[in-house]
Amino acid sequence: MIPYGRQSIDEEDIQAVVEVLRSDWLTTGPKVEEFEQAFAQYVGIKEAVAVSSGTAALHAAMYALGIGPGDEVIVPAMTFAATANCVVFQGGAPIFVDVNSNSLLIEPEQVESKINSRTRAIIAVDYTGQPADYDQLRTITDKYGILLVADACHSLGARYKDRKVGTLADLNIFSFHPVKHMTTAEGGMITTEDSDLAQKMRVFRNHGITSDHHQREALGSWFYEMMDLGFNYRLTDMQCALGINQLRKLPDFLKRRREIAAQYHEFFAGLKEIEPLEVREDAIHAYHLYVIKISFSGTKNQRKRFFQKMREKGVGVNVHYIPVHLHPFYRKRFNTGPGLCPVAETEFEHILSLPIYPKMSDADMQRVISAVNGTVKEIREEIGYANQEAI
Ligand SMILES: *Cc1c(COP(=O)(O)O)cnc(C)c1O
């Protein structure tokens, strides 16, 4: 089965981790700062704060912004659950906003109507790897004096109007899960120009304690104080060593993702039942996911059958995502449900994620393309027979 996403690890990565295993610091040593600095430099921003996952990064961001009970944070309906969960971790309420039907990105026009005196921030999601419309969102956040957060877990390496992802919002969130652009097994990062917010998040990731073990060792001191309730969200030196090495290869990883996307794009242009998501002209896409919309005219939705047929052909297609407000937890806790974000709900029934990852060979890519082509033809025929029977 060709997976929808997969890590790319080489001997250098393995060596980098092994070296740390032989050193004095397995966690919170010199590699953390080295990784943070390399990442900040890549993005072109002042601060990068490493944490144990993308979810921890989102949580730290909500903490740093002071989100708490009674606060509302706007999130798009089409995203991974963690984007909304981080608001709930802090006792706030996520307010779901619908997406654009062509790009499935948060619809800025829909955002403004959801803002009230309790609204504290917007979390934009760069769904599949294309940046959301940050200029429009920034106009709104400036108008209401609220903050802008980017869940950029899909878009490391992307650009918006020639500005790099990681610099577009007040706080920018990344994940280093194995299916993402680069990996530390589990891991996450927040980038920001604001050193005060960065410092808050560094304390938050270490139980709310103001100094870490490495710093105390350097000062020859045992003294520490816990200033606030924090978590253990630290990223280990082993993981940071892996991250430093992966970051060097990121440009190559991105290049290969874009090559695959271009091939898919070219081929699917000839299939009327397959529609790739719209990419804005001022965006450079990072292609964490390659999502297609499937619709066979004059018949009921064929996504389920399409999914099964692709899996039978050994292609590990997937669906990203069930709109978050439809999950049982949100229905129960926040009284959400069908009808709240109709575009996301409708489009969700038609989307399918095709395999895309840097190590994917040309042969694998051809297999995916043939499987899509074959599946379209099979379903066309089956529908044809069904229509004839109906006559
Ligand atoms: C992967 C992902 C996350 C969570 O990252 P983890 O590292 O898995 O915790 C959050 N938001 C989006 C959009 C993601 O794709």
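Only this structure's heavy atoms are used, side chains among them; waters, hydrogens and symmetry mates stay out. Each ligand, and each atom within it, is numbered from 1 in the order the structure gives. Just so we're clear, the structure is a prediction, and the values are computed from it rather than from any experiment.
- Rounding to the nearest 0.5 Å gives a distance of 9.5 Å between CE of Met365 and CD1 of Ile356.
- Taking every heavy atom of Thr79 and a limit of under 4.0 angstrom, the matching atoms of ligand 1 come to 13 (C).
- The aromatic ring centroids of Phe334 and His325 lie 6.0 Å or more from each other.
- At distances below 3.5 Å, at least one donor-acceptor pair connects side-chain atoms of Glu36 with backbone N or O atoms of Ala50.
- A salt bridge between Glu273 and Arg380 is present, with a side-chain N of the basic residue lying under 4.0 Å from a carboxylate O of the acidic one.
- Residues Phe39 and Phe176 bring their aromatic ring centres within 6.0 Å.
- Ring centroids of Tyr287 and His285 are separated by less than 6.0 Å, placing the two rings close together.
- Contact annotation for Thr83 and ligand 1: only side-chain heavy atoms (C-beta onward) come within less than 4.0 Å of the ligand.
- Near Thr55, with a cut-off below 4.0 Å to any heavy atom, the atoms of ligand 1 are 4 (C), 5 (O), 6 (P), 9 (O).
- If you look at Ile173 next to ligand 1, there are no close heavy atoms at all, none under 4.0 Å.
- Distances from atom 12 (C) of ligand 1 to the heavy atoms of Thr183, Asp151, Leu289 put Asp151 nearest.
- The aromatic ring centres of Phe231 and Tyr63 sit 6.0 Å or more apart.
- Using a 4.0 Å cut-off between heavy atoms, His154 contacts ligand 1 through its side chain alone, with no backbone atom that close.
- Between Lys31 and Glu34, at least one side-chain N (NZ, or NE/NH1/NH2) sits under 4.0 Å from a carboxylate O, which counts as a salt bridge.
- Residue Tyr321 approaches ligand 1 through these ligand atoms, each under 4.0 Å from one of its heavy atoms: 15 (O).
- When non-hydrogen atoms are compared, ligand 1 lies under 4.0 Å from neither the backbone nor the side chain of Phe174.
- Residue Gly54 approaches ligand 1 through these ligand atoms, each under 4.0 Å from one of its heavy atoms: 5 (O), 6 (P), 7 (O), 9 (O).
- Nearest to atom 14 (C) of ligand 1 among the protein's heavy atoms is Lys180 NZ, 3.2 Å.
- Between Glu186 and ligand 1, a contact under 3.5 Å exists for no N or O pair.
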